[in-house]
Q: 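Dropping a structure here in structure tokens format, bear with me for questions.
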There are 2 protein chains.
Amino acid sequence: MSTPARPALRADAERNRERVTAAARLMFAEHGLGVPLEDVARQAGVGVATLYRRFPTREDLVAAAYEDGMTAYADAVAAALDDPDSWRGFCDLLERLCAMQAADRGLAEALTTAFPGARALEAQRDRAYHGLVELVSRAKVAGRLRRDFVPEDVTVLLAAAAGVASAPPAWRRLLAYLLQAFAVPGTTPETAPLPEPPARGALLRGMTR
Amino acid sequence: MSTPARPALRADAERNRERVTAAARLMFAEHGLGVPLEDVARQAGVGVATLYRRFPTREDLVAAAYEDGMTAYADAVAAALDDPDSWRGFCDLLERLCAMQAADRGLAEALTTAFPGARALEAQRDRAYHGLVELVSRAKVAGRLRRDFVPEDVTVLLAAAAGVASAPPAWRRLLAYLLQAFAVPGTTPETAPLPEPPARGALLRGMTR
DNA sequence: ACCTAAGTGGAGAGTGTCCTCCACATGTAT
DNA sequence: ATACATGTGGAGGACACTCTCCACTTAGGT
């Protein structure tokens, strides 16, 4: 039941299927979800037809490629809940989620996309969501997270971090600022030094891309 | 000398040129800088050849379309410098810049792109940059902006805001959090209510796009 | 009114990606 | 060993976008 309703492929076909998802993870991470599927097939060492047979739409492939990624996401939330210090768990979690996004361009895009047909993936998404709601609640009860914070603010943060992902150190600095704003005043050392700012001259001067 | 080195077009050609830049502003604002140039030409009511004759590369067109936008940007900075309260000027400025970006998808993209050949545009960019450096300095001297703030943080903010621009109220909330983090603790009413959070359920649930 | 340099639009070549079809290959059950 | 369902790759049609060429049109000076 690890892969519920898939009709049992021939051994070589199953092998190819996995090669394709592995290649997709690689290519999506580097080039985003819009990468040409022909490139993915080439990377996997199979013909395009094989890719399309297994994954009729791009969404199918993305969902298959990021089932694990979403699970890792939910696991990170679960791990944060295990921290006896809920505020520290909250801060560490946001750091980890941002780091995961920064390391995988496709993941950042996949997180803001719904996959109606991908049950396993959506189940992990729900698990992450509910864990996060609980974590937010605990951090508020502990008096460390401001009362008007809402779990949706995490979405905002992740989308914002995705926007600056190009410049590696930038998201750390953004996160540091935001964590300070999320904290209840006076409960956190406000004097902690900020992470290194982005490279001089980047401002309004073009990041080329 | 408003348009220094352009070789004087025939009246109808000049008219068409302006129709094209106007159409480009419209299309870029709505669909981003990647919009098909055929669509821009159709919107302008001219053939593609006319567009390409005046603007050999996409960059040329983008630069022409956003010369005004960049000027508006620099003007906003200048206006902020006129505010006797530098901190209020700073806050209002960030609000305005974010609002401009949110209203014009192309502008947000153009700001993070260099246009080596577009002198007028780059001049405005410089004007904005230098004004901003001055404003940041004043707000620090006034004791309202934290000392470890750097002008490049504005870039980070703008890139972050661009990342959440899809959900209209989200950038306001992000900005509110960040302004609180930028302020020197104790100098600003930390109890001001946050702007309305983004719609419930957006979290990790897909913004479709 | 006429002439010509300047300007125009649409057709079409070039390119890249999506997706399907089908002749051929290969696992697997007997 | 044989047979056949299952699986494969590459060729190629469809489409979208970029950019150029050229026969025709028009502004504006004489």
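None of the values given here were measured: they were computed from a predicted structure. The analysis underlying the following values was restricted to heavy atoms, covering all of them including side chains, and did not include hydrogens, waters or symmetry mates. In what follows, chains are A, B, ... by sequence order, proteins preceding strands, each numbered from 1.
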Q: Nearest-Å distance, CZ (A:Arg17) to P (D:dT8)?
A: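 From A:Arg17 CZ to D:dT8 P: 12 Å.
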Q: Answer with base, sugar-phosphate or nothing: what part of the nucleic acid does B:Arg54 contact at a heavy-atom distance below 4.0 Å?
A: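 Since only primed, P, OP1 and OP2 atoms lie under 4.0 Å of B:Arg54, the category is sugar-phosphate.
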Q: Mark yes when over 12 heavy atoms from residues, nucleotides or ligands other than A:Glu14 sit less than 6.0 Å from its CD; otherwise mark no.
A: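 Above 12, so yes.
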Q: For C:dG7, take OP1 and OP2 only and decide whether either is under 4.0 Å from a side-chain N or O of B:Asn16.
A: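 No, B:Asn16 has no side-chain N/O under 4.0 Å of OP1/OP2 on C:dG7.
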Q: Any non-hydrogen side-chain atom of A:Thr113 less than 4.5 Å from a side-chain atom of A:Val62?
A: no
Q: Write out all pairs satisfying salt bridge (charged side-chain N to carboxylate O under 4.0 Å, His left out) with one or both partners inside residues 43-61 of chain B, taking only residues at least two apart or from two chains.
A: none
Q: Could you list the residues that satisfy ring-ring contact (aromatic ring centres under 6.0 Å, His included) with A:Phe149, not counting sequence neighbours?
A: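 In terms of ring-ring contact (aromatic ring centres under 6.0 Å, His included), with neighbours along the sequence ignored, A:Phe149 is linked to A:Phe90, A:Phe182.
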Q: Grab the CG-P distance between A:Leu51 and D:dG7 for me, whole Å please.
A: 15 Å
Q: Take atom CZ of A:Arg42 and atom C1' of C:dC18, then tell me their distance rounded to the nearest Å.
A: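 So the two atoms are 14 Å apart, to the nearest Å.
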Q: Does any part of the side chain of A:Gln124, heavy atoms only, come nearer than 4.5 Å to the side chain of A:Tyr73, both counted from C-beta?
A: no
Q: Might you work through the salt bridge (Lys or Arg N to Asp or Glu O under 4.0 Å) test for B:Asp39 and B:Arg42, ending with a clear yes or no?
A: CA-CA 5 Å; B:Asp39 294 357; B:Arg42 192 170 332 108; 3.3 Å; yes
Q: Calculate the interatomic distance between A:Asp60 atom CG and C:dC18 atom P; express it in whole Å.
A: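 Between P of C:dC18 and CG of A:Asp60: 15 Å.
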Q: Over how many whole Å does the gap from B:Arg15 atom CZ to D:dA27 atom P extend?
A: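 So the two atoms are 8 Å apart, to the nearest Å.
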Q: Is there any protein nitrogen or oxygen under 3.5 Å from a nitrogen or oxygen in nucleotides 2-4 of chain C, and what are the pairs?
A:
none

Q: Sequence neighbours left out, cut at 3.5 Å: what donor-acceptor pairs do the side chains of residues 21-32 of chain A make with other protein atoms?
A:
{"residue": "A:Thr21", "atom": "OG1", "partner": "A:Glu18", "partner atom": "O", "Å": "2.9"}

Q: For B:Asp12 and D:dG29, give me the distance from atom CG to atom P, rounded to whole Å.
A: 13 Å
Q: Where do A:Arg138 and A:Glu134 land on the salt bridge (Lys or Arg N to Asp or Glu O under 4.0 Å) test, with the steps shown first?
A: CA-CA 6 Å; A:Arg138 285 194 206 167; A:Glu134 170 64 17; 2.8 Å; yes
Q: Using a 4.0 Å heavy-atom cut-off, write out nucleotides 14-25 of chain D from 5' to 3' as B (base contacted by protein), S (sugar-phosphate only) or - (no contact).
A: ---SBBBB----
Q: Rounded off to whole Å, could you give me the CG-to-P distance for the A:Leu9 and C:dT28 pair?
A: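 In whole Å, C:dT28 P lies 11 Å from A:Leu9 CG.
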Q: Please collect all side chain to side chain donor-acceptor pair (under 3.5 Å) contacts where either partner lies in residues 96-108 of chain B, sequence neighbours excluded, each pair once.
A: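 Output for this query lists B:Tyr66-B:Asp104.
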Q: Write down the distance between CE (A:Met27) and P (C:dT17), rounded to a whole number of angstrom.
A: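 My rounded result for the distance is 11 Å.
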